[in-house]
Amino acid sequence: MCDRSLCQVVFFLPLGKAYSYGIPSHLESRVEVGCRVRAPLGSRREVGVVVALGGEAPEGVKDLEDVLDNEPVFSRSLLDLTRWASRYYLEPWGLYLKAALPPSLRQGKAPSFPKERWVVWQGRGREKPTPRQKELLDKLKPLGRVPLKIVISDWGFGRDVVGRLAAKGWVALEEVEEEMPLSFTLAPRKDPLSLTPEQKGAYDRVVRSLGTFAPFLLHGVTGSGKTELYFQWGELCLQQGKGLLVLIPEISLTPQYIKRFTARFGREVAVLHSGLTARERLQEWLRIRDGRARVVLGTRSALFAPLEPLGLIVVDEEHDTSFKQEESPRYNARDLAVVRARLEGCPVVLASATPSLESYRNAMGGRYGLLELPRRIGGTLPRVEVVDMTGEKALFSRVFVEGLRETLEAGGQALILLNRRGYAPFLLCSSCGQALKCPNCDITLTYHREPLLLRCHYCGHTRLPVDRCPECRGEMRPLGVGIQRVAQEIQALFPGVRIGRMDRDALKGRRAHWEVLGALERGEIQILLGTQMVAKGHHYPRISFVGVVLADVGLHIPDFRAAERTFQLLTQVVGRAGRGGQGQAVIQTYMPSHPAVVYAARQDFLGFVREELERRKALGYPPFSHMARVLFTGTRREKVEEAASGVAEKLRGRAGRLEILGPAPAPLARLKNRYRWHILVRGKGRRDILALLGTLPQRVGSVKIQIDMDPYGVM
Ligand code: ADP
Ligand code: ZN
């Protein structure tokens, strides 16, 4: 026992536990749960977070060196949330704490930045303004205050204009510890629309639950007015002094979408996504923490935004796989959103036109309230044709070409999907059938024409194509279709048509897709062609034709979710047509009777769900069971196999009612020169799975072990 004050610290490092430190008397009054501190750890000094006060003093306990915050950077509920994540996903707590903070705070910097000068409208002045000065006042007046930087660089007024207005008393210059909000726009504020009866029904149910934990699934077709509901719920939250957190997939977070939010909420909007600079992140984080921005719009890590009290969490496009973080620390922001809502005591709305089977089953079983918006507002769902490509020689069927031609001639826009990068998926020997493979991965190289290269989509390895087979000297030919070939053939069919491409190879830079979508909105391109990225854009009223070059691309992947993914992708992309009126969609496929194709063509979500749930039930897959994947990787094949077999045997001994599948080589048996084996654990109870896997080490010898709870792909 010891009478000194102690605290427990978790560092932003992959360590399995919290460490005890003594609190020196001069720091006593400043140490609070949730504050960052600096403390000695081994021979180094590290930054961590106080997670608790008190505790046992171990032998030779050291003292904290410094407290870095005057007020906590983590609330109790965010500490609870990150600890929950760490226990559920079986990764160190410190990594979740780290993921929750802007980079500069992780490094121990102060939670503030230099003051910024703002021009503030004063209502009146002592002297009449000149015409140029009046021009500035007119722009400033509706906004009240604007950063000086914007007035000069964006609006183009000289410093002298501002100076004279200040001298006359029309404006004041104020130092504000806040930078320009990223969402700053001049869009006039929009008023709420009056809700349709269906919207009203959904609106009321969530409103009745405000102030308590209540999960909802909002199933609404594309264009059914879901976003309008988020706005109106948000407005009510703000009136009650609470915040609105909206999570969306990275690709959906476009300037257009941000603009819609700022048109409703003005400067209350904070935006968080991976394209921000470290400074922008800190700025938005502070605006949220200090209560200046109470509407947070962001991608998965925005789940950890310090927005409190929370009125409502919305997860838009909840089925989207980008909510799952696949690198350490792993988490699914959609699932954690429900946990956070429970901890904060607020409702959470998971929304989609094509909900995940997990969420839909929760709604069917009564665990989530089901809100439905079955009708599109203004515009009907498109007419869809499925074209059987068996026996078809050309890349595009006649229906496809005619539909596209009519649209272009009528001045409309078209969206074309092929979920495959490159020019062709293989370069194949026409006599022995060998394809060129990646030297580092167990996968064939994709043939690209722009530039001419063979490329591994997993490790980035590239090489020049060869004309002759290295084995038999036969002629090498590209086989199959990729997006580059589609672009080439469309250009040949419609010379002069302007095509915007949206796939990873065509887009350089994090915000490049914003530019393509901007060009589409301004009518500078007539055809938007891309991989699955194109299915997730937002509202483009002039798109009247959607063409799917080959629907089957994702159906052959060895993953039990392949059909669900394909159904979602097809339904979403088809739903982009005809938002402003009548639209047409053509789906080309070799499997015209596959349920994913059939139901997507009918836009029949329920039909698909019923059939797919039957299949999942028969095979014992989620949502009828829980799964975890244990992945073993290493540079020596025998070692990896040995480790996987050893672990599998141990797990089997303690498995109880859980099923242990494997060990087996992963479908992608070698990646970046590392061999890969895996074990799948399946069963009814998540707790059993956690208890079983919680005891696994992080490595066996040189073999690394990674656990993926609720995996989204098992490649
Ligand atoms: P979703 O988010 O489901 O795709 P949106 O909320 O974007 O749908 O709505 C689609 C279109 O319908 C938008 O242009 C929106 O302004 C309009 N809209 C939504 N609700 C209403 C309403 N109650 N009355 C009139 N127009 C509406
Ligand atoms: Zn590779």
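In each ligand, atom 1 is the first atom listed, and ligand 1 is the first ligand listed.
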Quick check for you: within a radius under 2.8 Å, how many protein N, O or S atoms neighbour the Zn ion (ligand 2)? 4
For Ala669, side chain to side chain contact (heavy atoms under 4.5 Å, CB included) partners two or more places apart: Asp442, Pro665
Passes side-chain hydrogen bond (donor to acceptor under 3.5 Å, both in side chains), Thr222 versus Gln572? Steps please. CA-CA 7 Å; Thr222 45; Gln572 294 276 348; over 6 Å; no
Aromatic Tyr423 / basic Arg449 pairing, under 6.0 angstrom, 45° off normal: yes
Taking the six-membered ring of Phe231, is NZ or CZ of Arg260 closer than 6.0 Å to its centre and within 45° of its axis? no
Which of the numbered atoms in ligand 1 are below 4.0 angstrom from a heavy atom of Gly225? 1 (P), 3 (O), 5 (P), 6 (O), 8 (O), 9 (O), 19 (C)
Which part of Thr227 is near ligand 1, with near meaning a heavy atom under 4.0 Å away: side chain, backbone, both or neither? both
Considering Gln199, Glu198, Arg376, Arg260 one by one, which has a heavy atom nearer to atom 22 (C) of ligand 1 than any of the others? Gln199
Pairwise salt bridge (Lys or Arg N to Asp or Glu O under 4.0 Å) hits with a residue in residues 349-361, at least two apart: Glu358-Arg561
Do any heavy atoms of Ser194 fall under 4.0 Å from ligand 1? yes
Mind jotting down which residue pairs meet the salt bridge (Lys or Arg N to Asp or Glu O under 4.0 Å) criterion with at least one end in residues 450-466? Sequence neighbours excluded, please. Glu450-Arg501
Using a strict 4.0 Å threshold on nitrogen-to-oxygen distance, state whether Asp204 and Lys200 make a salt bridge. yes
